[in-house]
Every structure is written in C-alpha cells, then in structure tokens.
Amino acid sequence: MPDIRLSHITRSFGAFKAVDDITTVFPEGTVTCLLGPSGCGKTTLMRMIAGLETPTTGSINFGDRDVTQLAAGQRDVAMVFQYPVMYSTCSVIENIELPLRRDRSLSAAECRRRADEVLEVLQLGADRHAHIRDLDIGTRQKVAVGRAIARRCDVILFDEPTTNVEVHAKLALIRAFKEFRARLRQTVIYVTHDQTEAMTLADQIALMQSGRISQCAAPHVMYDKPESRFGGWFLGNPGMNFLAPRNREGATLRFDVLPGALALPAATTGEVSLGIRPEHVDVLPAPTAETVPARILRSSITIGGQNLLSLVVGETRLKAKTAPGIPPEDGATVFVRCPLEHAVFFVDGLRLPEAVQRAG
Ligand SMILES: Nc1ncnc2c1ncn2[C@@H]1O[C@H](COP(=O)(O)OP(=O)(O)OP(=O)(O)O)[C@@H](O)[C@H]1O
Ligand SMILES: [Mg+2]
C-alpha cells in the first residue's frame, strides 16, 4: 500500500483559497481522519486526492507515483460519499460484485468470495438479494462501504459516510469499519466533522482550519497536547477552558484557579492562557491545599448523565465535567482543583513547548 504525499497543494476558487498550501504525508496502511469545522476544506482536499478536483498548484503522490494529472479512474482509489451512490434497481450482492467483475484478473469465484466476506462483516447476509431501492439509507450506506472495501484498492476515501445515517446504524458502520481494518491494511482517508468518530477510527487526525492542516497527530496526542487553542477548543465536548492570568509580574503568573504562583520560562513574551479540559477540573465539597473556592452558576446542565458545571472563581469562569450524581445546587460554594499535569499553556494561541513550574 502506498503512502499519500501532498506537496504544496492549493485549490483556489477565484480569490478564495479553499485549500491553502498543504504539505504532508499520510502514511501507508493507516487511517487518517480529516477533521474540522464546516467549510474548512476537507471535501476539497479529499476530492483532489481522489482525482475529482484539480489542484491549482502543488502535487500529489501515491508512493513514488505522481498522480496529480491522472483521472480518478486511473488512480486505484475507492470512494464512499455522504449519500450512497449505487445501482438502485440491482440487488445488494450485485452492487458489490459488479465493480469486482470489471477487474479481469479476478475469477468469478474470487468475486463471490470477497462479496460474501463483506456481507458477513456488515451483517447484511439476510439482505443479499434485496434491491437497493427498498433499503433504508443506513443499510444502503453499509452496502456502499462494503463495495468500496471489496475492491481492495490501494487507497479508500470516505467523505462523511455516517452523517445521514441514524445513530444505531452509525454505530454498526463504525464497528464494521474497525473489523475491516483488522483484516485489510489499505491507506484510508476519512473525512468527518464528528470528533468522536475521528477519535475512535483514526491512527492520526489531521485537524483542518481555514484550508490548512493546523495539526496532524495521534488522537490522544491531539487531545492532550493540542498545538493551538483552536485544537483545544475544537476537540472535546465542550472544548478546553482557556483561562487568563489574574496578574503577571515578569515571568511570574497568578491564576484565579490555582493557589500560589507559576514561573514561566524566562524568555516568554506574548499573551499567556492556561488551557484545561472540563473533565480534568476536580470539583470537591471541602478545601485542600491545592483547591480554591468557586461558586456554581445557573448555567450548569446535565447531559447524558454527566454534569457540566459552570463555575466562577474570582473573575474567572470555567466549566467542569463531573461524574454522574446529583450536581451541587446553583449558587453553592465548592472547591476546584486544576491539576498542573493536565494544564496546557498557550502563548499568543500556540502551545508553549516548555513546562511551567510552580514558583518558589
Ligand atoms: N466549486 C466551488 N466553488 C466555489 N467555492 C467552493 C467550491 N467548492 C468548495 N468551495 C468553498 O470552499 C470552502 C471549502 O469547502 P469544502 O466543501 O471543502 O468544506 P468542508 O470542510 O468539506 O465542509 P463541510 O464540513 O460543510 O462538508 C467552502 O467555503 C466552500 O464554499
Ligand atoms: Mg465536506
């Protein structure tokens, strides 16, 4: 399986750059999720890799093969779109087998074997002779995924395949996708704006913002060590808290949420903020040496059994996610602890690579 190498890829529509000078490598045999807000250029980038869109500048290689000028049909890529594209009057098995039959190197028995394998993994055996037009959209999308995978192309591209599928069918698709990954090692690019999906499926996430890749890293690295405030905000539900210091004297900082002071690396200039995820903020009923008192605000809510508390400490507002249970009442005083090992510091929006220590 080849890697996918993008070199200075740009796609302009008039004066607007939908994809803006991206240079990166998606390693062979891995799943890369392109994640980012609506309009950031995910589909445009994927369409260029597929050969459906021509880059304004730059080149695309699959391994050593420069595919920039090749049509989609010459690139050995399979694609699954947001809306399944299929022969609606044909049966499930026909839809999976027909593209395989066009490959003359495959025997009829091999075509059937591959089709049977995907039907089994997708648990579509009972629907094998059903017509596509009689299936709901979730089942159709399963067939589209199976058809793309059965072809065993070097590269498979998915553009938000689960967006229009109801939640149970979505989970079934994600499970089937993981099962296929365990059997086959194609190079996969999976476009999504659903971070849970990206965290579940990706070997690496390429986080996009305004036509650029702002960070490309393994999901847990992206989550724990976002390179920018954008990454900290976009990942997480809700995203990170960003807290401004209460005061700063030279390299010494004080935050409302921390007792004592912190020492920045000496040469740091620029606007500093402390990032901490709501699930890392501890909310305690009694004080300890590491806590500060906080008040619960009315905007606190409960989602999916977890409490999402809105708190105020001095002048600072922050969110905390706590385990299921009865939340503290609005207006109550509690004690919050922001463990430094989970804090990330940003200077002018970018992560400070050095550690920040307690002062004194
Ligand atoms: N053919 C086109 N002509 C003009 N502008 C376009 C064209 N295709 C895309 N764009 C613009 O390029 C930007 C990126 O679009 P793209 O579809 O790649 O975003 P996306 O990240 O896939 O968004 P979504 O999550 O909504 O699918 C958008 O502002 C879009 O309006
Ligand atoms: Mg899109």
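Each ligand, and each atom within it, is numbered from 1 in the order the structure gives.
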Test of understanding: clusters of I, L, V, M, F, W, Y form through side-chain heavy atoms closer than 4.5 Å, transitively. Do M240 and I205 belong to the same one? yes
Counting distance only, does the side-chain N/O of [X] pair as donor-acceptor with the main-chain N or O of [Y] below 3.5 Å?
| X | Y | result |
| --- | --- | --- |
| Q195 | G236 | yes |
| D20 | G211 | no |
| D127 | A130 | no |
| R229 | S273 | no |
| N241 | K319 | yes |

Which one holds for M208 and ligand 1: side chain close, backbone close, both close, or neither close, with close meaning a heavy atom under 4.0 Å?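 The answer is neither.
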Between [X] and ligand 1, is there a nitrogen or oxygen pair with a distance under 3.5 Å?
| X | value |
| --- | --- |
| G39 | yes |
| C40 | yes |
| F16 | no |

Can you tell me how far apart CZ (R101) and CD (E94) are? Round to the nearest 0.5 Å. 9.0 Å
Using a cut-off of strictly less than 2.8 Å, determine whether T43 has an N/O/S atom near the Mg ion (ligand 2).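 Under 2.8 Å: T43 contacts the Mg ion (ligand 2) through an N, O or S atom.
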I'd like to check atom 13 (C) of ligand 1 in this structure: does the protein have a heavy atom lying under 4.0 Å from it?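 Yes, because at least one protein heavy atom sits under 4.0 Å from atom 13 (C) of ligand 1.
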Closer than 4.0 Å and a protein heavy atom, does any atom meet both conditions relative to atom 31 (O) of ligand 1?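 It does not; no protein heavy atom is within 4.0 Å.
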Taking [atom] as the reference point, the nearest protein heavy atom with its distance:
| atom | answer |
| --- | --- |
| atom 9 (C) of ligand 1 | F13 CE1, 3.5 Å |
| atom 17 (O) of ligand 1 | T43 CB, 3.7 Å |
| atom 24 (P) of ligand 1 | S38 OG, 3.6 Å |
| atom 15 (O) of ligand 1 | T44 OG1, 3.7 Å |
| atom 25 (O) of ligand 1 | K42 NZ, 2.8 Å |

Parallel, tilted or perpendicular, as decided by the 30° and 60° cut-offs, for the rings of F177 and Y190: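 Rings of Y190 and F177: perpendicular, over 60°.
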Closest heavy-atom contact between V313 and A294?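 So the two residues come closest at CG2-CB, 3.6 Å.
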[X]: numbered ligand 1 atoms lying under 4.0 Å from its heavy atoms:
| X | answer |
| --- | --- |
| H193 | 25 (O) |
| G41 | 14 (C), 18 (O), 19 (O), 20 (P), 21 (O) |
| A18 | 12 (O), 13 (C) |

Electrostatic pair D3:R5 at N-O distance under 4.0 angstrom: yes
Any heavy atom of M46 closer to ligand 1 than 4.0 angstrom? no
